[in-house]
Amino acid sequence: MAIDVTTTPHQLIASDRVEGTAVRRPNGDMIGHIERLMIDKVSGKVSYAVLSFGGFLGMGTNLLPLPWGRLRYNTKFEAYELDIDEEELKRAPSFRADKDFDWGDRVQEAELHRYYGMPPYWGGF
């Protein structure tokens, strides 16, 4: 007997369902949405969520790579929650939508983790 996974509640979510999900502050204010996930090829674990915010109709949009552990899913808002104030958001390492973050640069990634006070997903600090 097959189980209908679309109606049976579970803890897993497909990556295409995460992309586009809202990111809000704890008070419910909208920050942006998840543009994409970055997954470690070897471990298979999600390492980053790339937050899209700002801009208008896709122009001037900033992308903010967030360590995955910095987000938490809030069932009340049906959104990911990020406890970040406006100034911290403005100072956070980010890149423009028309450029890409250098995901192969460990120095840049370590700087990102230091900014958020989180240990890197690959270990060390």
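Keep in mind it's a predicted model, so treat the numbers as computed, not measured. We're numbering straight along the sequence, starting at 1.
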Closest heavy-atom pair and its distance - [X], [Y]:
X: A22; Y: A79; value: O-CB, 3.3 Å
X: G20; Y: H33; value: O-CB, 3.8 Å
X: S94; Y: P65; value: CA-CD, 4.2 Å
X: N27; Y: F77; value: C-CZ, 3.9 Å
X: A92; Y: Y116; value: CB-OH, 3.4 Å
X: E35; Y: S52; value: OE1-CB, 3.5 Å

| task | Might you confirm whether atom CZ of R17 has over 12 heavy atoms from other residues, nucleotides or ligands at distances under 6.0 Å? | result |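 Atom CZ in R17 is not packed in, count stays at 12 or less.
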
Do [X] and [Y] have side chains that get closer than 4.5 Å, going by heavy atoms?
X: F53; Y: M30; result: no
X: V42; Y: W122; result: no
X: V18; Y: Y80; result: yes

At what distance, to the nearest 0.5 angstrom, does [atom1] of [X] lie from [atom2] of [Y]?
X: L71; Y: L51; atom1: CG; atom2: CG; answer: 8.0 Å
X: T21; Y: D16; atom1: OG1; atom2: CG; answer: 9.5 Å
X: W68; Y: L37; atom1: CH2; atom2: CG; answer: 5.5 Å
X: I84; Y: E86; atom1: CD1; atom2: CD; answer: 8.5 Å

| With a 4.0 Å cut-off, would you call R106 and E109 a salt bridge? |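 Looking at R106 and E109, the cut-off is met.
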
| Ring geometry between W103 and Y48 (parallel below 30°, tilted from 30 to 60°, perpendicular above 60°) |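 Judged by the thresholds at 30° and 60°, the geometry between Y48 and W103 is tilted.
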
| task | For the residue pair H113 and Y121, categorise the inter-ring angle as parallel (less than 30°), tilted (30 to 60°) or perpendicular (more than 60°). | result |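 Correct class here is tilted.
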
| task | Group every Ile, Leu, Val, Met, Phe, Trp and Tyr by side-chain heavy-atom contacts under 4.5 Å, then state whether V50 and I13 land in the same group. | result |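 Yes, V50 and I13 fall within the same hydrophobic cluster.
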
| message | By the definition side-chain contact (heavy atoms from CB on, under 4.5 Å), identify the one residue from L82, L89, D83 that meets it with R25. | response |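 When L82, L89, D83 are each tested with R25, the side-chain contact (heavy atoms from CB on, under 4.5 Å) holds only for L89.
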
